[in-house]
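All of these numbers come straight from a predicted model, not from anything done at the bench.
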Amino acid sequence: LLSPAHMHRGIESFIDGGRRERELARLVKSAVESIPSKEGGQNEDVLINDSDIGLFGVFDGLRGDGSSRLAAQSIEKRISSICENPSSINISESGWGDKLIGFFREVSKEIQRFQQGVDKARKPDTTALVVKFVTRGNKKFVTWAGVGNSRMYFRQKDGLYVELLTEDDDAVDQVGGDLNTIDRGKLQRDIRSKLDQASQPRDLERGIQGIDLKYLFSRRSILTQTLGDIRGEVRVGWREIEEGDTLVLVSDGVHRNLTREEISEWFHRSGTPRDLAVNLARDARNRSRMSREENMRAHPDDMSAIAIEVQ
């Protein structure tokens, strides 16, 4: 693997916790903040911030950053090549989603080869959230694909509500297996809403349909699939966006430390993408340094945020 100084121009590790701000011509303005769990330590989060093709990504390395770097390089290479023919990106049909899924599965095989000969408990792996902005005529769209638990939040211009666009691959996925698809989905959303808002044990004392929420909260770090071990569906989606809309991509170091309400509050209190990215990452860092007695969400981890404003 290449060192950070020699990597493809769109991929940066931000090991020093520095900020970068770039503009996609007439489409989006973005800013990044990434902070390692230990000051001066290695940051296993690897980010894509490619203004040339409107591509962003968060790869949260597990057991080292080898897989996250490999994944970021491979994903960007594939999407860059296909973007040489922009008309091939048809977000109104399943074709583009199928391409993203195909890219993820190809890179998954690369990571598996990278893992060969490594003890199972030490195998490097990574989550992956890839976001691509595209235009069609005078309309703008955001498309995404992901595995693991890196997230993307969305707020419409002047909107009061901050929406979570992505879904986690975590222990909650295993709840409600005896229910039909609709009821199971509602149950899992209700559980995740409670877990995302909890900051003290008392917040989880009232279970949902007899489910032990404290137990599920303690298993938040357990992933049901990763990029190097895809066991189910790669989650894909797209949405039309407009000028003034704001999106944020975060690694789990941010949303595990901050509640959903706290993340939403920073959307409303931050004036620029740079402010939003910095506020989220630094607030998560401050929370991570608390004791569990002060706040049950406190969790040491690398914290990364990419804030994007549609122009």
Side-chain angles (χ1 to χ4, degrees), residues 14 17 19-21 28-35 37 45 47 56 58 60 129 131 142 144 146 149-168 170 172 189-206 213 217 220-221 239 241-311:
F14 299 101
R19 293 187 293 271
R20 303 292 186 273
E21 191 172 40
V28 299
K29 182 179 182 181
S30 69
V32 176
E33 181 77 352
S34 189
I35 303 173
S37 60
D45 291 351
L47 312 174
F56 301 87
V58 175
D60 186 350
L129 173 59
V131 172
V142 58
W144 67 88
N149 62 355
S150 297
R151 291 183 176 182
M152 178 165 61
Y153 296 89
F154 170 80
R155 178 193 174 210
Q156 286 185 308
K157 180 182 179 181
D158 300 324
L160 297 177
Y161 181 66
V162 174
E163 181 181 356
L164 175 62
L165 295 183
T166 54
E167 298 178 79
D168 295 345
D170 58 13
V172 178
R189 286 192 296 274
D190 290 344
I191 290 173
R192 287 195 169 101
S193 178
K194 291 280 285 186
L195 299 182
D196 281 351
Q197 283 300 103
S199 59
Q200 300 296 334
R202 64 176 176 270
D203 297 332
L204 300 176
E205 287 177 354
R206 294 185 62 182
L213 297 181
F217 188 90
R220 289 185 304 154
S221 63
R239 182 186 186 117
I241 53 176
E242 297 180 350
E243 180 180 349
D245 292 347
T246 305
L247 302 99
V248 169
L249 286 66
V250 296
S251 62
D252 72 332
V254 172
H255 67 76
R256 286 188 65 182
N257 277 289
L258 302 181
T259 65
R260 178 79 171 270
E261 184 176 338
E262 289 168 333
I263 291 173
S264 297
E265 188 175 332
W266 282 123
F267 268 82
H268 296 291
R269 292 175 59 187
S270 304
T272 66
R274 179 172 178 175
D275 291 341
L276 180 53
V278 170
N279 287 335
L280 285 170
R282 293 186 179 180
D283 198 17
R285 176 195 59 191
N286 294 339
R287 173 66 49 72
S288 73
R289 293 176 178 176
M290 292 182 179
S291 67
R292 294 285 174 86
E293 288 71 28
E294 293 178 277
N295 191 301
M296 68 185 294
R297 302 191 76 85
H299 174 75
D301 200 352
D302 302 326
M303 296 143 233
S304 298
I306 305 176
I308 305 164
E309 181 181 309
V310 182
Q311 302 293 284

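In this structure, CH2 on W266 lies 9.5 Å from CG on D275, to the nearest 0.5 angstrom. Here the straight-line distance linking atom CD of Q156 with atom OG1 of T246 works out to 10.5 Å at 0.5 Å rounding. Note that the NE2 atom of H255 and the CG atom of L164 stand 8.5 Å from one another [nearest 0.5 Å]. Atoms CG and CG, on L249 and L47 in that order, are 9.0 Å from each other to the nearest 0.5 Å. Note that CG of D245 and NZ of K157 are 9.0 Å apart. Values are rounded to the nearest 0.5 Å.
With sequence neighbours left out, the side-chain contact (heavy atoms from CB on, under 4.5 Å) criterion links A307 to V248, P273, L276, A277. Residues passing the side-chain contact (heavy atoms from CB on, under 4.5 Å) test with R289, sequence neighbours excluded: E39, R285. In this structure, R297 has no salt bridge (Lys or Arg N to Asp or Glu O under 4.0 Å) partners at least two apart in sequence or on a different chain. Applying the salt bridge (Lys or Arg N to Asp or Glu O under 4.0 Å) criterion to E163, with sequence neighbours excluded, gives R239. For E167, the side-chain contact (heavy atoms from CB on, under 4.5 Å) criterion is met by R235, not counting sequence neighbours.
At least one donor-acceptor pair under 3.5 Å links the side chain of T166 to the backbone N or O of M152. Checking side-chain atoms of S264 against main-chain N and O of R260 turns up a donor-acceptor pair under 3.5 Å. Checked by atom type and distance alone, the side chain of D45 never pairs as donor or acceptor with a backbone atom of D60 at under 3.5 Å. When atom types are taken as modelled, the side chain of R256 and the backbone of R220 share no donor-acceptor pair closer than 3.5 angstrom. A donor-acceptor distance shorter than 3.5 angstrom exists from the side chain of N257 to the backbone of H299, with no hydrogens or angles considered.
By the 4.5 Å heavy-atom criterion applied to side chains, I241 and F154 are counted as neighbours. Residues V58 and V250 have side chains not in contact (no heavy-atom distance under 4.5 Å, counting atoms from C-beta outward).
Checked by atom type, the side-chain pair S270/N279 shows a donor-acceptor distance below 3.5 Å.
Minimum interatomic distance between M303 and A284 (heavy atoms only, all atoms of both residues): SD-C, 3.4 Å. Looking at every heavy atom in both residues, S37 comes nearest to D302 through N-OD1, 2.8 Å. Considering every non-hydrogen atom in both Y153 and F267, the closest pair reads CB-CZ, 3.8 Å. Closest approach of S251 and S150 over heavy atoms only: CA-OG, 4.1 Å.
Remark: E261 CD is loosely packed, at most 12 non-hydrogen atoms of other residues, nucleotides or ligands lying under 6.0 Å away.
Applying the salt bridge (Lys or Arg N to Asp or Glu O under 4.0 Å) test to every pair with at least one member in residues 192-206, sequence neighbours left out, gives these pairs: R151-D196, D170-R192, D173-R192.
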*Verify salt bridge (charged side-chain N to carboxylate O under 4.0 Å, His left out) between R282 and E33, making sure each step is shown before the conclusion.*
CA-CA 8 Å; R282 293 186 179 180; E33 181 77 352; 3.5 Å; yes
